[in-house]
Amino acid sequence: MAFSIRTKLTFWYVTLLTASLLVFGAVFSYTLSKIFIDRVDEQIGSVADMMAHTVVQPSGKLLLPGDFDVILERFFGIRIAGNFVQVIDMDGNVAARSSNLESAYLPLSQDTYEHALSGVTTFEVYRNFGRYPVRLVTKPISLKHKGVVAVVQVGASLQSMEEVLDSLFYIFGFGLAGSVIIAAAGGWFLARKALKPVQDLRAAAQRIGVENLNERINVAVKSDEIGRLAATMNEMIARLEKSFLQIKQFTADASHELKTPLTILKGEMEIALRIKNDPEAMRDALKSSLEEIDRMSYIVRNLLDLARIDVEKTGMKAAASMQEVALDRALTERVDHFRRFALDRGVNMAILRNDPVTALGDPVRISQMLFNLIDNALKYTPQGGTVELSVEAEDNLAVIKVRDTGIGISKEDLPYIFDRFYRVDKARSREGLGEGMAAGGAGLGLSICREIAESLKGAIEAQSEPGMGTTFIVRLPLAAGR
């Protein structure tokens with residue numbers, strides 16, 4: 001059976017209070033009885049000491065008249081009233097008893113008697129002597145030259161202590177029951193009041209859905225635990241809102257990007273169906289259709305890449321694919337791939353620095369990132385311009401730089417160039433370059449570069465001035481020992 005938090009809090013509060021009171025009661029009763037026993041021991045021990053010096057003559061003979069307790073009190077000032085006194089000789093026989101014992105005898109075990117004969121004083125409690133327990137001291141009476149000549153026993157009733165402890169037990173029992181009832185009621189009320197903000201939090205969270213993610217949870221006290229929980233939930237809702245907005249924007253942009261080539265493709269197909277006896281026009285229509293198919297294929301491929309990177313960033317695959325990658329070799333391979341295209345376009349491409357740097361990452365993703373960066377640099381560098389590349393180690397990081405002398409990026413566009421489907425120059429979006437570039441830019445290449453860099457625990461940034469060119473800088477963690 002599942003209990004509410006309020007019930008659990010009340011239960012644990014009452015349990016803790018009950019346990020604390022029981023422990024306190026036990027300690028208090030033990031301490032009180034210990035104090036009482038110590039005082040009784042002091043009293044009967046004092047009587048026993050005085051008896052040991054009074055009832056024995058220097059010769060070792062016992063001086064014990066019939067009413068010795070009355071005589072000792074009247075003539076020697078030894079107060080025996082309220083105490084039981086019994087003297088035992090060396091033969092183990094009772095030599096004398098106080099008058100208040102009447103026909104009874106103080107108990108004496110064999111062990112206690114033997115201890116007394118060996119000179120040891122013993123304090124004991126006997127519970128079977130009358131209605132109330134008796135505290136009893138058994139003390140040897142010794143002479144300097146004769147040793148132990150007798151044993152004296154002095155006892156005192158523990159009636160007062162028992163009555164006090166019994167009264168205390170009843171008072172404590174009723175007090176404990178009352179305290180538990182009051183604590184349970186108070187704990188239930190306080191727990192309900194303390195958890196009311198949680199109920200409000202729950203109700204507010206239930207109201208928030210996909211359609212109203214802009215709402216936030218409000219609490220009266222923002223610095224306590226509930227307030228911090230509400231703040232955390234608000235942060236989570238804000239992240240969800242941002243994610244949903246990104247998904248909506250991504251869906252809208254993807255739909256738009258795919259709709260354009262589909263519309264063109266449909267138009268080309270309609271034109272091709274109306275063409276009769278004109279092979280050249282038919283060829284142009286099919287060529288245009290093929291370009292749009294390539295464009296769609298390029299967009300879909302990039303979307304799949306982004307989806308895979310998103311999965312890899314949160315899954316085990318990213319860790320499994322991490323390995324040492326020689327960046328100098330990867331850069332050389334990508335430059336060789338683009339060199340023919342750069343010559344055809346009239347762009348000078350040069351590697352300024354290519355240090356033997358090894359980074360920790362995914363070789364496929366790093367190669368893809370380099371491809372996109374070089375592709376972007378060549379795409380926006382006019383004829384006669386230059387694309388410069390470098391790889392070096394800097395501050396325990398592998399640094400890749402791709403600089404072009406192209407058209408540059410304005411300050412207004414620079415913060416958004418890594419966003420998905422964002423294009424700086426919409427008019428040039430259909431230009432294509434190299435492998436997969438015949439489809440033109442869809443605003444996904446730089447987004448893929450950022451996702452790859454972040455998935456490899458690195459970062460990417462852009463520095464640009466309009467008309468002066470752009471420099472992309474990628475920083476990746478070096479492989480261990482590199």
Ile374 and Met349: CA distance, side-chain angles, deciding distance, side chain to side chain contact (heavy atoms under 4.5 Å, CB included) verdict: CA-CA 10 Å; Ile374 299 174; Met349 188 166 56; 4.0 Å; yes
Among pairs that include at least one residue of residues 389-403, which meet salt bridge (charged side-chain N to carboxylate O under 4.0 Å, His left out), considering only residues two or more places apart or in two chains?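 As it turns out, the salt bridge (charged side-chain N to carboxylate O under 4.0 Å, His left out) pairs with a partner in residues 389-403, which skip direct neighbours, are Arg353-Glu392, Glu388-Arg403.
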Quick test of your reading: applying salt bridge (charged side-chain N to carboxylate O under 4.0 Å, His left out), list the pairs with at least one residue in residues 158-182, sequence neighbours left out, ordered by first then second residue. Arg127-Glu162
Non-hydrogen side-chain atoms of [X] and [Y] separated by less than 4.5 Å:
X      : Y      : result
Leu331 : Val335 : yes
Val164 : Phe36  : no
Asp284 : Ser288 : no
Asn372 : Phe472 : no
Leu158 : Ile37  : yes
Pro107 : Glu124 : no
Trp188 : Thr7   : yes
Ile293 : Leu265 : yes

Distance in Å, [X] [atom1] paired with [Y] [atom2], rounded so as to fall on 0.5 Å steps:
X      : Y      : atom1 : atom2 : value
Leu360 : Ile366 : CG    : CD1   : 8.5 Å
Asn234 : Glu241 : CG    : CD    : 11.0 Å
Ser179 : Phe174 : OG    : CZ    : 13.0 Å
Leu446 : Ile460 : CG    : CD1   : 7.0 Å
Leu373 : Thr471 : CG    : OG1   : 11.5 Å
Ser29  : Leu165 : OG    : CG    : 6.0 Å

Which of parallel (below 30°), tilted (30 to 60°) and perpendicular (above 60°) describes Phe371 and Phe338? tilted
Could you list all the ring-ring contact (aromatic ring centres under 6.0 Å, His included) pairs where at least one residue sits in residues 382-416, not counting sequence neighbours? Tyr416-Tyr422
Under the side-chain contact (heavy atoms from CB on, under 4.5 Å) rule, collect the residues that match up with [X], sequence neighbours excluded.
X      : result
Phe123 : Asp41, Ile44, Thr121, Arg135, Val137
Leu22  : Thr18, Phe172, Leu176
Ala350 : none
Asp404 : Ala377, Thr381, Val387, Thr470

State plainly whether the residues Glu451 and Arg365 are in salt-bridge range, i.e. N to O under 4.0 Å.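 Arg365 and Glu451: not salt-bridged.
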Answer yes or no: is there a donor N or O on one side and an acceptor on the other, between the side chain of [X] and the main chain of [Y], under 3.5 Å?
X      : Y      : value
Asp362 : Val364 : yes
Arg345 : Lys379 : yes
Ser447 : Asp419 : yes
Asn354 : Asp328 : yes

Check salt bridge (charged side-chain N to carboxylate O under 4.0 Å, His left out) between Lys34 and all other residues, then give those that pass, not counting sequence neighbours. Asp38
Residues in salt bridge (charged side-chain N to carboxylate O under 4.0 Å, His left out) contact with Arg274, at least two apart in sequence or another chain: none
Non-hydrogen atoms of [X] and [Y] that approach each other most closely:
X      : Y      : value
Gly469 : Ser464 : O-OG, 3.1 Å
Ala359 : Leu476 : CB-CB, 4.3 Å
Thr10  : Ala191 : OG1-CB, 4.2 Å
Ser410 : Pro466 : CA-CG, 3.8 Å
Cys449 : Met369 : SG-O, 3.6 Å
Ala462 : Ile417 : CB-CD1, 3.5 Å

[atom1]/[X]: more than 12 non-hydrogen atoms of other groups inside 6.0 Å:
X      : atom1 : result
Gln159 : CD    : yes
Glu114 : CD    : yes
Met269 : CE    : yes

Walk me through whether Val391 and Asp355 qualify under side chain to side chain contact (heavy atoms under 4.5 Å, CB included). CA-CA 6 Å; Val391 171; Asp355 295 344; 5.5 Å; no
Under the rule for side-chain hydrogen bond (donor to acceptor under 3.5 Å, both in side chains), what residues qualify as partners of [X], not counting sequence neighbours?
X      : result
Gln206 : none
Glu280 : none
Ser46  : none

Side chains of Ser367 and Glu333, donor plus acceptor under 3.5 Å: no
